[in-house]
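Proteins get letters first, then strands, A, B, ... in listed order; numbering begins at 1 in each. All heavy atoms count here, side chains included; hydrogens, waters and symmetry mates do not.
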Amino acid sequence: MSTKPVRVRYAPSPTGDFHVGGARTALFNYLFARHNGGKFILRIEDTDQKRYNPEAVEWLLNGLRYLGLDWDEGPEVGGDYGPYVQTERLSIYRQYYQQLLDQGLAYRCFATPEELEEMRRERKPKGLPTYDRRYRDYDPNQAIARADSGESHVIRIKLPVDGSITVHDVIRGDITFQNDNLEDVIIVKSDGIPTYHLANVIDDHLMDISHVLRGDEWVSSMPLHIHLYNAFGWEPPVMAHLPVILNPTGRGKMSKRESRAPDGRVLPVFVRTFEELGYLSDAMVNYMALVGWSYDDKTEIMDREELIDRFSLDRVNASPASWNYDKLDYFNGVYLRALTPEALTDLVMPYLAKAGINADRATMVKIAPFIQERLNVLSDVSNWVDFFFIDELPPYDLNLLVPKKMSLADVPPILTAARDTLAKTEFNHDAIDAALRQSVKALGIKAGQMFQPIRIAVCGKLVAPPLFNTLEILGRETVLKRLDQAISRLEQN
RNA sequence: GCCCCCUUCGUCUAGAGGACUAGGACACCACCCUUUCAAGGUGGCGACACGGGUUCGAAUCCCGUAGGGGGCACCA
């Protein structure tokens, strides 16, 4: 176990959108760093220039900021170990692979893509690694001559061909691999740019990375990486491979693309989609921390400080965990309900604007307490409050006005009675409550049989915030107008 | 096909040989509260993959089987 100061890194490749799986890896690195008073470093692994996507860096940085995972070193903040973008470190890599070449620990390979394809066809069905090591013992001088003449080639690592290697993972323990199953992988591509394997080993060493916390998809390259550390004579960092995130069904790795559930709702997988839908940063962080990690047998709701305080690698699970959208919604609801009406209003205003609703902030603050316990995601807000901010209700189905066990003809007298009552009563929650109940009594009907038609007439929908508060906030004028409209629509029907 | 990893309620998990009649959370169901929907409260349904060992004793340790996942690129 390393006793060096804790320095961990999140090192994504900017090729696509910032996926929640990557975010979880970043979060664990962040929590581990903060828990141990260490540094959280961000490094951009852009050695794949073919798949490079400049937008991806923006998505990544914005995503990390949204989640509040501030990095101590990396793009935009700098640091003593820079540069933090791999394509800016090409000259550094060169001296290291040259060293390997000089020591005979790596070699040039001139096999063409066609040759490789043929090897693959031949060897793969036999369960053998693709490359047959045909240039492993090629004469170095001849290789240099061919390289100097400009012939395209790659550089491969020369790995042991027999024996075995045992590597250690903090989460999984010792893992043994037979060396003859390993391949002399490419460490420098024909364009002169190192592959991930080489660059990540050199950078982790040079950046004094103490612990590598990365996705589970890397366990099979662990022996390769350890061999590389050994070739350089470096001490490898402590390794920990985090469990993959599975689909909600528990079957298969979590989707790389967003889709829709059978009920039509979007199933986000990118961080910015979660943000757009209105998941709170704290809720996301809290929920994600629990995908693959747990604190004890009952504590689940934890704020950032608590998470940092309690996080430890020995409570990270080795088995894959599936993503549960329902549980995330529940967490978001918990954090939403903890907000003050003012804070909720601030969060919700942009969503209303985006939905084309011209909401007045003061009114929204009044409404906030009543939608707070009904909201799961911020983007839902317009469905709950739109009728407060529009002049004319969109047409609704008149049948909605009809309460249980009644018919259309029963409705006008009820609404008229409600209208007359509301025209006289003082316009606040308690007075409305008392007056309406008295009117209900006078008509000899059930409370719901009057409240339901009022709700539809005033809100235009079946499900809405509590009625008396709604009426109070809406104000007498609007309420009476909408009741009158309902009544006249019924009469024209 | 080959290599590696994993296996407790539908899902996330607690459990590190006796404290297990296996605990919590989400979801689901019922009831309470209630003007709708929620929120909240109470209760319920629901799991140690299977087969062998080891042991006085196994969810916990070992082996095998099955299932799941990851990897086998001039991608990371």
For a quick check of understanding: with a heavy-atom distance under 4.0 Å over all strands, which category does A/L290 fall into, base, sugar-phosphate or nothing?
sugar-phosphate

Counting only Watson-Crick pairs (N1-N3 plus N6-O4 or O6-N4) and G-U wobbles (N1-O2, O6-N3), all under 3.5 Å, who is the partner of B/rA16?
none

Assess the pair A/F110 and A/Y135: is the distance between their ring centroids shorter than 6.0 Å?
yes

Watson-Crick or G-U counterpart of B/rG51, or none if no pair lies under 3.5 Å:
B/rC63

Per atom distances to the A/W218 side chain, the nearest of B/rC6, B/rA76, B/rC37 is B/rA76

Remember a base hit wins even if backbone is also touched, and classify A/G292 as base, sugar-phosphate or nothing at under 4.0 Å, heavy atoms.
sugar-phosphate

Is it possible for you to check whether A/R156 lies under 6.0 Å from the centre of the six-membered ring of A/Y107, through NZ or CZ, and within 45° of that ring's axis?
no

Among B/rA27, B/rA76, B/rG71, the one nearest A/K253 by side-chain distance
B/rG71

Ring centre gap for A/W293 and A/F311 strictly below 6.0 Å
yes

Does A/P223 reach a base, just sugar-phosphate, or nothing at all? Heavy atoms under 4.0 Å.
nothing

Hey, does the side chain of A/K189 come within less than 4.0 Å of B/rA76's phosphate (OP1/OP2), counting only N and O?
yes

Can you find a side chain N or O atom of A/K50 that sits less than 4.0 Å from OP1 or OP2 on B/rC75?
yes

Whether A/T130 contacts B/rA73 is assessed here as follows: a side-chain N or O lying under 4.0 Å from the phosphate OP1 or OP2. Is that the case?
yes

Sugar-phosphate only, base, or nothing, as touched by A/Y330 at under 4.0 Å among non-hydrogen atoms:
sugar-phosphate

Within the sub-3.5 Å range, which N or O atoms of nucleotides 59-65 of chain B have a protein N or O partner, and how far apart are they?
none

Looking at every strand, decide which applies to A/A464 at a 4.0 Å heavy-atom threshold: base, sugar-phosphate, or nothing.
base

Contact class for A/V244 (heavy atom, under 4.0 Å): base, sugar-phosphate, or nothing?
sugar-phosphate

What contact category does A/R315 fall into here, base, sugar-phosphate, or nothing, at under 4.0 angstrom with non-hydrogen atoms?
sugar-phosphate

Look at all strands and tell whether A/P243 reaches a base, only sugar-phosphate, or nothing, counting heavy atoms closer than 4.0 Å.
nothing

Given that both distances must come in under 3.5 Å, which nucleotide forms a Watson-Crick or G-U wobble pair with B/rC2?
B/rG71

Contact class for A/S294 (heavy atom, under 4.0 Å): base, sugar-phosphate, or nothing?
sugar-phosphate

Write down the partner of B/rG40 under the Watson-Crick or G-U wobble criteria, each distance required to be under 3.5 Å.
B/rC32

Checking all strands, does A/K446 fall into the base, sugar-phosphate, or nothing category for heavy-atom contacts under 4.0 angstrom?
nothing

Would you give me the side-chain donor-acceptor pairs under 3.5 Å for residues 444-466 of chain A, sequence neighbours excluded?
from	atom 1	to	atom 2	distance (Å)
A/Q449	OE1	A/K446	N	2.8
A/Q449	NE2	A/K404	O	3.4
A/K461	NZ	A/N383	O	2.6
A/K461	NZ	A/D386	OD1	3.0
A/K461	NZ	A/D386	OD2	3.4

Do A/D303 and A/V285 have side-chain heavy atoms sitting under 4.5 Å apart?
no

Are A/S322 and B/rC12 close enough that a side-chain N or O sits under 4.0 Å from OP1 or OP2?
yes

Going by purine N1 to pyrimidine N3 plus the second Watson-Crick contact, or the G-U wobble pair, all under 3.5 Å, which nucleotide sits opposite B/rA25?
B/rU11

Just the rounded figure in Å: distance from P of B/rC12 to CZ of A/F331.
14 Å

Contact class for A/S152 (heavy atom, under 4.0 Å): base, sugar-phosphate, or nothing?
nothing

Considering only side-chain heavy atoms of A/D297, which listed nucleotide, B/rC4, B/rA14, B/rA27, is closest?
B/rA14

Look at A/R337 and B/rG40 and indicate whether a side-chain polar atom (N or O) is within less than 4.0 Å of OP1 or OP2.
yes

May I have the distance from A/L242 (atom CG) to B/rC6 (atom P), rounded to whole angstrom?
14 Å

Is the positively charged end of A/R24 above the ring of A/F28, judged by distance under 6.0 angstrom from the centroid and angle within 45° of the axis?
yes

Under 4.0 angstrom, heavy atoms only, what part of the nucleic acid is A/L467 near: base, sugar-phosphate, or nothing?
base

If the test is side chain to side chain contact (heavy atoms under 4.5 Å, CB included), which one of A/N200, A/V212, A/D204 qualifies with A/H225?
A/N200

Do A/R51 and B/rC75 have a side chain to base donor-acceptor pair shorter than 3.5 Å?
yes

How would you label the contact of A/E300 with the nucleic acid (heavy atoms, under 4.0 Å): base, sugar-phosphate, or nothing?
base

In whole angstroms, the gap separating C1' of B/rA76 from CG of A/L42 amounts to 15 Å

Could you check whether A/T15 gets within reach of a base, just the sugar-phosphate, or nothing at all, counting any heavy atom under 4.0 Å?
nothing

